[in-house]
2 protein chains.
Amino acid sequence: MGIVRKTKAVTTVLNIFEAQNEAKSVVRLIELVKGVMNKTTVYRVLDRLEQEGVIHSFNGRDGLKWYAKCDEGCSSHKHLDSHPHFQCTECDKVECLSLDVKIPKLKNHKVDSTDILLLGQCEACCS
Amino acid sequence: MGIVRKTKAVTTVLNIFEAQNEAKSVVRLIELVKGVMNKTTVYRVLDRLEQEGVIHSFNGRDGLKWYAKCDEGCSSHKHLDSHPHFQCTECDKVECLSLDVKIPKLKNHKVDSTDILLLGQCEACCS
DNA sequence: ATAGTTTTGCAACTCAGTTGCATTAAATTA
DNA sequence: TAATTTAATGCAACTGAGTTGCAAAACTAT
């Protein structure tokens with residue numbers, strides 16, 4: 001499993017997530033480390049950290065890929081981050097929601113994961 | 001409002017959806033009309049039909065854009081197609097689900113829409 | 001230090017989706 | 001039904017997120 005070396009690139013990315021516990025799109029992350037780190041590396045570091053269970057990914061609107069820190073209890077073995085996400089259509093910010101949404105069982109289907117994205121206006125943009 | 005001309009391109013696309021009431025990705029649609037219609041036209045026709053309330057769109061896994069025929073009652077004024085979708089991770093097929101999923105209200109947020117995508121194995125791929 | 005891997009940077013690529021513009025085809029009017 | 005207006009189409013070139021191959025650099029262990 002844990003074949004993630006603690007390289008400069010890895011700590012740079014982790015620092016970003018630790019400095020501000022907020023979901024970020026890959027595009028934004030690449031922007032944040034511009035000049036310091038190559039975009040290919042960003043993609044690869046994120047991949048590895050997700051496999052390690054340190055961060056989790058999901059698709060925002062427009063199909064862009066986003067990442068956020070995992071809740072406690074995630075590991076490379078199992079991801080518990082099946083929570084819904086909310087994205088503001090004005091400022092584009094994403095929030096991880098700790099809602100427990102119950103989806104009725106589907107007959108004759110094996111459901112592995114549930115992606116829920118709510119769109120609307122966040123608190124700041126509402127007022 | 002109804003500024004959609006009934007062109008050959010429009011009827012070609014509509015025929016595809018009527019021949020088989022099944023969600024289709026744009027990529028697949030372009031493939032289906034290859035040689036007959038330009039891909040730009042496909043995108044534009046789909047855009048217009050969605051605005052008219054004839055079809056609705058959503059993002060499949062991998063962020064690809066998908067379209068499916070609308071339920072009765074949709075129009076350019078309001079789309080009622082907020083139903084969840086199920087996508088098979090083996091054969092990639094998508095099904096529109098007529099489940100009613102209740103999402104708890106979010107404080108201080110204005111929620112406009114809810115995108116739900118379930119991933120797993122469909123009936124055919126389960127057995 | 002040395003050897004063996006993993007990581008990184010870079011450049012080139014893929015592929016979904018978009019744009020500008022000239023041409024064509026609907027719909028409208030006379 | 002021919003002329004006119006306006007929307008729709010085709011084409012080519014572009015954009016931008018994400019990927020790939022490979023050589024060079026940086027970890028880790030011996």
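Below, chains carry the letters A, B, ... as their sequence lines are ordered, and counting in each starts from 1.
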Candidates D/dT9, C/dT8, C/dA16 - which lies nearest the side chain of B/V27: C/dA16

Nearest-nucleotide 5' precedence on DNA chain D, A/K39 against B/K39: B/K39

B/L46 CG - D/dT9 C1' separation (whole Å): 14 Å

Whole angstrom value for the distance that separates C1' of C/dA16 from CZ of B/R28: 17 Å

Test side chain to side chain contact (heavy atoms under 4.5 Å, CB included) applied to B/V101 and A/K102, step by step: CA-CA 7 Å; B/V101 177; A/K102 289 207 176 70; over 6 Å; no

First encountered from the 5' end of DNA chain D, between B/V10 and A/T40: B/V10

SB check B/E31 B/R28 (cutoff 4.0 Å): yes

Spacing of A/I30 atom CD1 relative to D/dT19 atom C1', expressed in whole Å: 12 Å

B/F86 ring center near A/H109 ring center (under 6.0 Å): yes

Inter-residue atom distance A/D115.CG - A/F58.CZ, 0.5 Å rounding: 10.0 Å

Spacing between B/D47 atom CG and C/dG17 atom C1', to the nearest angstrom: 10 Å

Between C/dG17 (P) and A/L64 (CG): distance, integer Å: 12 Å

Sugar-phosphate, base or nothing in reach of B/V42, heavy atoms under 4.0 Å: nothing

A/A9 or B/K65, whichever maps to the more 5' nucleotide of DNA chain C: A/A9

A/W66 CH2 to D/dA17 P, straight-line distance once rounded to whole Å: 13 Å

Nearest-angstrom distance from the residue atom NZ of A/K6 to P of D/dT28: 9 Å

Any N/O donor-acceptor pair, A/R5 side-chain to C/dT7 base, under 3.5 Å: no

Distance-only donor-acceptor test, A/R44 side-chain atoms vs C/dG9 base atoms, 3.5 Å: yes

Closest nucleotide among C/dG9, D/dT9, C/dG17 to the B/Y43 side chain: C/dG17

Whole angstrom value for the distance that separates C1' of C/dG17 from CG of B/D62: 15 Å

The single option from A/L119, A/I116, A/L117 passing side chain to side chain contact (heavy atoms under 4.5 Å, CB included) against B/T114: A/I116

Proximity to the side chain of B/R48 - top-ranked nucleotide from D/dA17, D/dA8, D/dG10: D/dA8

Phosphate OP1/OP2 of C/dT7: any A/T7 side-chain N/O under 4.0 Å: no

